[in-house]
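Read through the structure below, which is laid out as structure tokens, and then see the notes.
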Amino acid sequence: MAYNFSKIEKKWEQKWEQDDSFATYETDKQKYYVLEMFPYPSGKIHMGHVRNYSIGDVVARFKKMRGFNVLHPMGWDAFGLPAENAAIKHGIHPNKWTLENIDDMRNQLKRLGLSYDWNREVATCSEDYYKWTQWFFLKLYEKGLAYKKKSSVNWCPSCETVLANEQVVNGACERCDTPVGKKELDQWYFKITDYADRLLDDIEKLKGWPEKVKIMQKNWIGKSKGAEIDFEIKDFDKKLRVFTTRPDTIYGATYMVLAPEHPYVLDLVKETEYEEEIINFRKEMERTSEIDRTSANAEKVGLFTGRYAINPLTKKEIPIYIANYVLIDYGTGAIMAVPAHDERDFEFAKKYDLPVIPVIKPENEEIDLENIKKPYTDNGVMINSDKFNGLNNEEAKSKIVKYLEEEKIGKESINYKLRDWLISRQRYWGTPIPIIYCDECGIVPVPEEDLPVLLPKDVEFTGKGKSPLDTNEEFVNTTCPKCGKKAKRETDTMDTFVDSSWYFFRYTDSNNDNMPFDKNKANYWMKVDQYIGGVEHAILHLLYSRFFVKVLHDVGLSPVDEPFENLLTQGMVLKDGAKMSKSKGNVVSPEEIIQNYGADTARLFVLFAAPPERDLEWSDQGVEGCYRFLNRVYRLVEDLTFIYDDNSEIKVDSLDKSDKELRYVLHSTIKKVTEDIEERFNFNTAISSIMELVNEIYKYKDNEELNSVKKAVLSEAIDNLLILLSPFSPHITEELWHITGKDSSVHDESWPEYDKNATVKDEITVVVQVNGKVRDRIVVDSGISKEDMEKEALASEKVKNYIDGKDIKKVIVVPKKLVNIVAK
RNA sequence: GCCGAAGUGGUGGAAUUGGCAGACGCGCCGGACUCAAAAUCCGGUGGGGCUUACACCCCGUGUGGGUUCGAAUCCCACCUUCGGCACCA
């Protein structure tokens, strides 16, 4: 008979809820803050959630049993596009849709038996949350870190709306697949570029983050050191400034390239024979999507402008081109082209027959100066470079920069790939940007005391054109807080990544009406000790959060300057080798698994099937296996009911061989499970060793006559088994804990310490190798010396067969493990 | 193209510091219980060879080399798969 998981799980969930078992308060104990990335309330949890939150729950429960004061909260990333789409499609108001989804999902999470302190729940769409998101916006505005500028943004002509970069997939709208274009719009930005250096440098501090994520962030910030150099243009009164990481190659700069959008272009060709062609080229570039233009395999095309620049060191005239491969928003939007030492320049030079002059050659190697087959991008010795000839190019780099600085034609310079964070969205379901536009006073921030700027309920959802907030006259029309005259509100809302950049602070004090959070509470709980979530957030969410925390730190609000001490990026849940998705039809619903096997089985399986960082292949049979295991545990404990009222203590002297053997397994298991959870998050191997323990207990109880010594040994094993298993499968262990006659909760127990004496065996098995191949195993006293090990090994009959008639060259002894005899 | 991760039985995965490869689970094979089935329990299960013998031998962690008494683990070269970035001057 299978155990009644459904009844048991519901019973204990109710009990925990009644007792408010997971409520957390600030205490003198050492704190531990474990956080899983909060979900978007789509309405249904998926297996990725089950995995994410099961991992977090094991950590939270384990740390609590280890004596920490654990904060383990949950909430909702509740603003965003899907709610609005639901409004358009089904006529449900986004607010209603979202709140109903939250209720559904909260119930589903509760049904997993997760140890959240629900008193601290947050939803980013509630007034008392987004009020503070707006408050932070004002702080950033005060500091000059929030600003407005006109720029070109991604625009979907079919949905008639702007899209975030992350909503553009392969150059097309992720919703309707229409190619995305560009549109000039006045937008709000956060000046994350001011923090580029600190965000980069502090990556070194993130010792508990995966290397992979740190490298992705480094690449995203994309710092390059180099120089800015001014080139004079013949018969033109302005100088052309370029950025290069290779000032050492300046003698090889044989032409210049401007981005088609470069501000000089029109002036350079004005009233010349080149004008018409150039203008057409610019227009064509505007029409080409960004993705097509910037893809590395796009063919390089360009046009001569009819103009020449002067290379400041060679003094030679070099032609100026415009071309698609130079981007307006990186560096200065112009380059000096060195075809001999740059792949792209080389490709372009070959196509348009421009001169290629090598200025660096490999050391100890001659090259054919006239006939370069491919660009040389490595380090080497300077040639064709006047007084810098013969120097190593790295050395020449700094000398040339120094020379340029002396002559006032250039200076050292640093460039980043990181762009400022565009936070405006022409969307309804988001945090309103607390800004008012007044004809007299210009941009006026909403005064703090007027917050929150409430999101009105009454708007039209057409999915077309401008922000839906524009359709609510009452919202739009207001008075200027400065001069009192008529004014208009900003109708864009904020990117939802703003909401999620500070939610971990709110959990520390989620019901505070006067402040986003109390500084003392944040001081007690922050940083997050363990953050857990999908690697898809490796850049955006994690970088934005780091930025936000640094800003809050600088204005004195945050006690810490990094949010997350340790980060665990869990792998995806796959079925048939592919990510679960509706379109592939390979989705397994958590509700169904919970219905058929229970939450404990679902949790156990996602933790057992793979280590957390790796992708997990779903297996229905694997689930069955975990279910079988839990049933086996249930029967084991239930069958032994008669031993639990025996309160004998274990006396080590009266233990026989099999008692010692069971205690050896038990205490080795305690050691292993502890280390697997604490040091490595290897829940899969922790669970497998618990399975081995259960197998051992079965063998023991079946083979023995249960006198009171053995009852005590068994009781010890069962009690500890339930405690070890409790973080993984909290319901069944709680039930069984009570079946063994206890009134308390297994989850209030301390985590067991293993008994060192029990993990020492009297006899051990030593491997004997001859020339590295295993030839025998010998059982010896565990206190054996190295000399005796060698003696015993050489005495082995099996070994003799292999060393007979050979010289023993060497004997290697690894204490208590292995002897290797080298014989020739 | 660049950066990163990975490659181990039929399968998901173990092997934690260079020291018994394949723990644990799934699947499969055989058996017990049963009128029968389900459930449960017991035994076997990397490949090959040999044997009356559960004794023994050989091969084996993507491929090819190397270091070492000893390599899944370290080094070099290569192949494949997956993920990220991608004309960033």
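We name chains A, B, ... by the order of the sequence lines, and we start the count at 1 in each one.
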Please determine, for the side chain of [X], which listed nucleotide ([options]) has the closest atom?
X	options	answer
A:E692	B:A15, B:A23, B:C56	B:A23
A:R614	B:G13, B:A21, B:G19	B:G13
A:Y802	B:C57, B:A89, B:G19	B:C57
A:I812	B:G25, B:G19, B:G84	B:G19
A:T685	B:C69, B:A89, B:A15	B:A15

Worksheet item: When the P atoms of B:G65 and B:U11 are considered, how many whole Å apart are they?
Response: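 Taking atom P in both B:G65 and B:U11, they lie 26 Å apart.
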Worksheet entry | B:G27 and B:C20, which share atom name C1', separated by this distance in whole Å |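 Roughly 26 Å separates the two C1' atoms.
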Discussion item. Between A:G331 and A:N771, which residue's closest nucleotide on RNA chain B lies nearer the 5′ terminus?
Written reply: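 The 5'-side residue here is A:N771.
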Worksheet entry | Pairwise 5' ranking along RNA chain B for A:E679 and A:R777, keeping only the more 5' one |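 Per heavy-atom nearest nucleotide, the more 5' residue is A:E679.
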Base, sugar-phosphate, or nothing for [X], non-hydrogen atoms under 4.0 angstrom?
X	result
A:K809	nothing
A:Q769	base
A:N684	sugar-phosphate

May I ask you to verify if any side-chain N or O of [X] is less than 4.0 angstrom from the OP1 or OP2 atom of [N]?
X	N	result
A:N695	B:A23	no
A:R775	B:C56	no
A:K773	B:C59	yes
A:R628	B:A39	no

Fill in: Carboxylate-amine/guanidinium proximity below 4.0 Å for A:D615 and A:K579
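Not counted as a salt bridge, because no side-chain N and carboxylate O are separated by less than 4.0 Å.
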Discussion item. Less than 3.5 Å apart, any donor N or O on the side chain of A:T193 or A:D420 sitting next to an acceptor on the other?
Written reply: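 There is such a pair between these side chains.
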Item to complete: Decide yes or no, distance alone: a donor-acceptor N/O pair under 3.5 angstrom between the base of B:C87 and the side-chain of A:K300.
Response: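 Result: at least one qualifying N/O pair found.
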Fill in: Base of B:G25 paired with side chain of A:Q621 (donor-acceptor, under 3.5 Å)
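Donor-acceptor pair under 3.5 Å: no.
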Worksheet item: Would you call the rings of A:F5 and A:Y627 parallel, tilted or perpendicular if under 30° counts as parallel and over 60° as perpendicular?
Response: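 Ring orientation, 0 to 90° scale: perpendicular.
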Fill in: Lys/Arg cation over aromatic A:F348: A:K300, 6.0 Å, 45° cone
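The answer is no; the distance or angle limit is not met.
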